[in-house]
Amino acid sequence: IVVVLFATVFRDAWIGPAVDPKSIAVLPFDDLSESQDQRWFADGLAEEILNSLARTPDLSVTGRTSSFAFRESSEGIPAIAGALGVAHILEGSVRREGDQIRVTAQLIRARDGMHLWSENFDHPAANLIQVQESIAISIAVALQTAMDPEALAALVSSGTRSVPAFEAYLRGLSGYTSMLETGDVRAYMGAIDAFEQAVEIDPEFALAHGEIANYWMTQLSQVAIASGRQDKSVAEIRAASEKALDNAIRYSGDPVRKLRFQVIKAVAEVKLRQALQLSSEFLEKRPHDRQAQSRQLNLLTQLNMFDEVTRLAFEFFERDGFDPAVTGRSIHTMIYSNNEEAIRTFLDLVDEHLVHSTVAMYQAHRGLLWIGEVDRARELHDQLIASDLRNSLKAHTRLRQLCAEGRVDEAQQLYEKANSEILNRRSFPWLTANTMGYADQGLATARRLDEEQNLYALAGFLLYGTFDPRPFPNLMAHLEVYGNETGHVTEVPYSCFRTEAAGPES
């Protein structure tokens, strides 16, 4: 009764997330250089301005994945702002010729298209850091933040005064952005060279150390599309990520930035309760930080705190509006609460926004199947299959829909075909077996991770409420030492085999 009343209150009281007047999206900057070879620079500069603004606690800044999805969009500013749920848009361009750069930026109020601020910056490339900081400060001032100029200047600082180090860092960021947009992991696999060049030039560049840590943690993961380097052992990769995280923490002059890296370190060490405590502290100081919001939802899920997951999912959407990554993460984590009324309410709230993101739509499809809305899920299924979603996710979308519709023979054929063809995600066999209802299949990777004591990667399976950690002694021993709950394991309600029936032998 309590959970139903909880969701009903949200459904009846919710009108729609009011657009925060201090909200902004930063669109990717255009490359106007004559040779058209500076996209990496334009993307990196826009992203670093976005990151700088996101550190301002009373500004709500749309995440990179959301805003960069509108690259070269033919939609007008009001439509883009409406899709992103923001009151303002920052757009700009970069022209770089030799040692000279021209950066043009303009802040536009979405409701009437008024330019609140615009400026051209013509400088030698040696003044690049100053230009980036000047733009971020000017935008923050125009949006009337509560921060004094000195504190604001400290926040938007990238943490290095070396232009070559900063440019190398931007080049690495561009590689990561390219991977998110295209799914081509090669750009990101090369980004590590740029980040390492940045710290070679400036050994105290905390943000670059942080990106190095993120890269190596990605290589340990079983679900990230850019994982899987084979030239280093698990021990070597873990050591590289630990070293980079320690450096990021050591060289972070800003205490809140240091706190962010401390959260990531606790996650890497699978100290989930410590990570949750630190993450909660960080969110108090940076409540609009989209990455932190997603991380908080993940940690709560890994700790089986599903009431809090549900509360925060509504809170983030109500306060900050639609963000593909956070909304998708909210759906992914909410469903394991089995609070059908809350799940349905949330899916209804975000429904109109799904057209703007296959990421969120993919999770919404799963959410609809979870609560038995098979026909409604079929509509999303058809859109996803026709989209540019990567093949492994399309296969899983199709498999879920077939199982939910009771088309078991077709599902079995797809299950066997997909697992023989799709090799780029090492968690894929377990996820598909889970959908089929073959509880004991697909666990070879998980067993190997436990034997190798790659607990960070194995703990990633805890993001699925259907994963039972008890058969994995090293993981269980670690979780018990750090006081993590392990008792909640749910069943996929739309699986092909919903009973005790076993699948074919592995």
Residues two or more places apart in sequence or in another chain: which of them pass side-chain contact (heavy atoms from CB on, under 4.5 Å) with Ala411? Leu399, Leu402, Cys403, Met436, Cys496

Please walk me through it: do Glu269 and Lys265 pass salt bridge (charged side-chain N to carboxylate O under 4.0 Å, His left out)? CA-CA 6 Å; Glu269 295 175 345; Lys265 183 175 176 64; 3.2 Å; yes

Does the side chain of Phe316 come within less than 4.5 Å of Arg329's, by heavy atoms? no

Sequence neighbours excluded, which residues qualify as ring pair (Phe, Tyr, Trp, His ring centres under 6.0 Å) partners of Tyr336? His332, Trp370

Partner residues of Glu410 under the side chain to side chain donor-acceptor pair (under 3.5 Å) criterion, sequence neighbours left out: Arg407

Partners of Ser280 by side chain to side chain donor-acceptor pair (under 3.5 Å), sequence neighbours excluded? Gln296

Tell me, with the steps shown, if Arg376 and Asp351 meet side-chain contact (heavy atoms from CB on, under 4.5 Å). CA-CA 11 Å; Arg376 189 174 162 193; Asp351 182 69; 3.8 Å; yes

Whether the Gln363 and Arg366 side chains hold a donor-acceptor pair (N or O, under 3.5 Å, no angle test) is what I'd like checked. yes

Taking atom CZ of Arg64 and atom OG1 of Thr62, what is their separation to the nearest 0.5 Å? 13.0 Å

OG of Ser294 to CG of Asp323, rounded to nearest 0.5 Å, is 7.0 Å

Nearest-0.5 Å distance that lies between atom CG in Leu384 and atom OH in Tyr362: 9.0 Å

Would you mind checking if Arg71 and Asp43 are paired as a salt bridge, meaning a charged N to carboxylate O distance below 4.0 Å? yes

Please identify each residue that fulfils side chain to side chain donor-acceptor pair (under 3.5 Å) with Glu452, with sequence neighbours left out. Arg448

Report the C-alpha separation of Tyr464 and Asn434 in whole Å, then their side-chain angles, then the decisive distance to 0.1 Å, and conclude whether the side-chain contact (heavy atoms from CB on, under 4.5 Å) test is met. CA-CA 10 Å; Tyr464 300 88; Asn434 212 229; 5.7 Å; no

Does the plane of the ring in Phe467 sit parallel, tilted or perpendicular to the ring in Phe472? Use 30° and 60° as the thresholds. parallel

Apply salt bridge (Lys or Arg N to Asp or Glu O under 4.0 Å) to Arg55 and list each qualifying residue two or more places apart in sequence or on a separate chain. Glu48

Approximate separation, where rounding is to 0.5 Å, of Phe346 CZ and Phe314 CZ: 6.5 Å

I'd like to know if Lys285 and Glu281 make a salt bridge, using a cut-off of under 4.0 Å between side-chain N and carboxylate O. no

Measuring only between side-chain heavy atoms, which start at C-beta, is Leu462 closer than 4.5 Å to Thr301? no

State which residues pass salt bridge (Lys or Arg N to Asp or Glu O under 4.0 Å) with Glu379; sequence neighbours excluded, sorted by chain then number. none

Carboxylate-amine/guanidinium contact Asp307 Arg311, below 4.0 Å: no

Who pairs with Glu75 by side-chain contact (heavy atoms from CB on, under 4.5 Å), at least two apart in sequence or on another chain? Phe70, Ser73, Ala79, Ile80

What's the spacing between His209 NE2 and Leu245 CG if we round to 0.5 Å? 11.0 Å

According to ring pair (Phe, Tyr, Trp, His ring centres under 6.0 Å), who are the partners of Phe282, at least two apart in sequence or on a separate chain? none

Test of understanding: with side chain to side chain donor-acceptor pair (under 3.5 Å), list the residues that count as partners of Glu373, not counting sequence neighbours. Arg344

Kindly indicate whether the side chain of Leu347, heavy atoms from C-beta on, has any atom under 4.5 Å from the side chain of Ile331. yes

So how far is it from Leu207 CG to Ile212 CD1, rounded to the nearest 0.5 Å? 11.5 Å

Ile192/Trp216 under side-chain contact (heavy atoms from CB on, under 4.5 Å): CA gap, chis, key distance, verdict: CA-CA 9 Å; Ile192 186 65; Trp216 290 117; 3.8 Å; yes

How about His288 and Arg319: do any of their side-chain heavy atoms sit closer than 4.5 Å? yes

Is any side-chain heavy atom of Tyr215 less than 4.5 Å from a side-chain heavy atom of Phe195? no

Go through the structure and list residues passing side-chain contact (heavy atoms from CB on, under 4.5 Å) with Val270, not counting sequence neighbours. Leu272, Leu455, Tyr456, Ala459, His478, Leu479

Answer yes or no: are there more than 12 heavy-atom neighbours, outside Gln383 itself, under 6.0 Å from its atom CD? yes

Under the side-chain contact (heavy atoms from CB on, under 4.5 Å) test, residues paired with Pro57 that sit two or more places apart: Met147, Leu155, Arg286

